[in-house]
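As structure tokens, the structure follows; a few thoughts come after it.
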Amino acid sequence: MKMKGEELLAKMFVQLASMPAVNQDLLKESIVTIATLYKNALSIQDLSFCEEVMKCLLKLGTSQEETIQRKVYYAMSVIIAKYPEMAEFFLKHDGVSLLEQAVSSSTEDQKKRALQMYGRLLALFPTTPSLSTVNVCSQCMEDLTSEQWKMNNLLLESYLELLKIAKDQGEQSCLDQLLQSDGFMKSMTEKYHSLRDAARQGRYNLGI
């Protein structure tokens with residue numbers, strides 16, 4: 001703190017993130033460095049520099065570069081986990097819109113990262129209207145009944161983890177909507193039969 005290490009690193013990161021033609025490898029390294037700083041910091045009382053960092057991370061979260069986006073989500077997750085105040089900051093600065101864009105994207109990794117972050121925030125702020133799972137419910141039904149995603153078990157697990165958190169927090173609206181969807185329930189039945197048949201085949205191969 002006496003050497004103002006946080007201030008120097010935060011200002012450097014903000015400056016790099018604002019450069020229109022910054023070297024991508026340098027930007028990735030700076031994201032990891034700033035995340036490591038906040039993950040390991042012992043006593044940061046004033047979060048003003050952290051807020052500036054989070055603003056930059058939110059802007060970088062829409063990057064089309066997959067590795068940058070992955071590191072951005074890592075850094076945001078680290079900061080939110082360490083400082084609950086920054087989770088509130090994330091919500092107040094329209095972070096949920098970033099998550100919704102990622103959930104509606106055509107990339108599996110983006111969807112899963114956003115759903116995981118959504119779940120962490122919902123666990124922290126179960127009564128926050130913007131975190132209602134209704135906001136992702138329609139996308140969930142669309143994904144899990146489409147030819148592109150309907151047999152993707154990893155994506156299904158990400159959705160189910162979020163819905164479990166919603167259920168634990170007493171939110172039923174999205175769950176009820178899913179149960180009332182014929183297309184969704186048909187897709188889930190198909191998944192169940194597919195997994196059951198795979199399990200039976202596995203037992204047969206093992207001689208059980």
Side-chain angles (χ1 to χ4, degrees), residues 1-133 135-136 158 161-162 165 169:
M1 294 299 293
K2 291 181 179 179
M3 297 178 66
K4 298 185 178 181
E6 181 204 5
E7 179 179 353
L8 290 172
L9 283 175
K11 287 183 175 180
M12 178 192 71
F13 172 70
V14 170
Q15 184 174 4
L16 281 172
S18 63
M19 293 174 63
V22 63
N23 180 280
Q24 297 294 286
D25 290 334
L26 181 59
L27 181 58
K28 295 172 192 176
E29 290 179 8
S30 69
I31 295 172
V32 174
T33 299
I34 204 71
T36 303
L37 165 72
Y38 286 112
K39 183 177 182 179
N40 297 327
L42 297 177
S43 58
I44 295 180
Q45 304 298 326
D46 182 358
L47 293 173
S48 56
F49 290 117
C50 191
E51 290 177 354
E52 294 303 312
V53 167
M54 183 62 84
K55 287 180 183 178
C56 289
L57 290 172
L58 286 168
K59 291 180 180 178
L60 291 172
T62 59
S63 172
Q64 298 302 308
E65 173 64 43
E66 167 63 22
T67 53
I68 288 180
Q69 191 181 100
R70 184 169 63 248
K71 293 180 186 303
V72 164
Y73 271 85
Y74 165 72
M76 292 192 299
S77 298
V78 164
I79 292 172
I80 286 173
K82 188 71 175 284
Y83 308 103
E85 303 95 324
M86 295 308 300
E88 294 184 33
F89 185 88
F90 180 92
L91 295 180
K92 290 178 180 177
H93 287 76
D94 207 23
V96 175
S97 292
L98 176 66
L99 302 183
E100 290 176 344
Q101 290 176 33
V103 170
S104 64
S105 73
S106 59
T107 305
E108 178 186 348
D109 286 341
Q110 287 188 37
K111 289 177 180 288
K112 291 192 294 186
R113 282 195 294 270
L115 290 167
Q116 289 168 359
M117 177 75 83
Y118 212 104
R120 293 190 192 100
L121 292 167
L122 183 61
L124 288 172
F125 308 105
T127 61
T128 300
S130 64
L131 287 171
S132 169
T133 51
N135 293 337
V136 295
S158 296
E161 287 173 5
L162 174 60
I165 293 173
Q169 300 294 351

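Just so we're clear, the structure is a prediction, and the values are computed from it rather than from any experiment.
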In a table with atom names and distances, give each donor-acceptor pair under 3.5 Å that connects a side chain of residues 8-20 to protein atoms at least two apart or in another chain.
residue	atom	partner	partner atom	Å
Lys11	NZ	Glu7	OE2	2.8
Ser18	OG	Val14	O	3.2
Ser18	OG	Gln15	O	2.8

Original post:
So which pairs with a foot in residues 58-68 pass side-chain hydrogen bond (donor to acceptor under 3.5 Å, both in side chains), sequence neighbours left out?
Top reply: Lys28-Thr67, Glu65-Thr67, Glu66-Arg113
**OP:** For Arg120, check salt bridge (charged side-chain N to carboxylate O under 4.0 Å, His left out) against everything at least two apart and list the hits.
**Re:** none
Subject >> With Lys39 via salt bridge (charged side-chain N to carboxylate O under 4.0 Å, His left out) - residues at least two apart >> reply: none
Original post:
Does Asp46 have any salt bridge (charged side-chain N to carboxylate O under 4.0 Å, His left out) partners at least two apart in sequence or in another chain, and if so, which?
Top reply: none
**OP:** Please report the C-alpha distance between Leu47 and Met86 in whole Å, then the side-chain angles of each, then the deciding distance to 0.1 Å, and finally whether the side chain to side chain contact (heavy atoms under 4.5 Å, CB included) criterion is met.
**Re:** CA-CA 8 Å; Leu47 293 173; Met86 295 308 300; 4.3 Å; yes
Subject >> Minimum heavy-atom distance Tyr118-Ser130, with the two atoms named >> reply: OH-O, 3.5 Å
Subject >> Pairs touching residues 81-91 that satisfy salt bridge (Lys or Arg N to Asp or Glu O under 4.0 Å), sequence neighbours left out >> reply: none
Subject >> Single hit among Leu60, Thr36, Val53 for side-chain contact (heavy atoms from CB on, under 4.5 Å) with Ile31 >> reply: Leu60
Subject >> Residues forming a side-chain contact (heavy atoms from CB on, under 4.5 Å) with Ala123, sequence neighbours excluded >> reply: Ile165, Gln169
Original post:
Does Phe49 have any ring-ring contact (aromatic ring centres under 6.0 Å, His included) partners at least two apart in sequence or in another chain, and if so, which?
Top reply: none
Original post:
Would you say Lys111's side chain and Val103's backbone share a donor-acceptor pair under 3.5 angstrom?
Top reply: yes
**OP:** Please lay out, stage by stage, how Val22 and Gln24 fare under the test side chain to side chain contact (heavy atoms under 4.5 Å, CB included).
**Re:** CA-CA 6 Å; Val22 63; Gln24 297 294 286; 4.1 Å; yes
Scan the side chains in residues 90-99 for donor-acceptor partners under 3.5 Å anywhere in the protein, sequence neighbours excluded, and list what turns up.
residue	atom	partner	partner atom	Å
His93	ND1	Phe89	O	3.0
Asp94	OD1	Ser97	OG	2.7
Asp94	OD2	Ser97	OG	3.0

Original post:
Which atom pair, heavy atoms only, marks the closest approach of Ala102 to Tyr73?
Top reply: CB-OH, 3.5 Å
Subject >> Contacts of Glu52 that satisfy salt bridge (charged side-chain N to carboxylate O under 4.0 Å, His left out) - sequence neighbours left out >> reply: Lys55
**OP:** List in chain and number order the residues that pass side-chain contact (heavy atoms from CB on, under 4.5 Å) with Ala87, two or more places apart in sequence or in another chain; answer none if no residue qualifies.
**Re:** Ile80, Leu121, Leu124, Phe125
Original post:
Does any non-hydrogen side-chain atom of Met54 lie less than 4.5 Å from one of Ile79?
Top reply: yes
**OP:** Keeping to residues at least two apart or across chains, list the ring pair (Phe, Tyr, Trp, His ring centres under 6.0 Å) pairs with something in residues 18-43.
**Re:** none
**OP:** Any chance you could measure Thr107, atom OG1, to Gln69, atom CD, to the nearest 0.5 Å?
**Re:** 7.5 Å
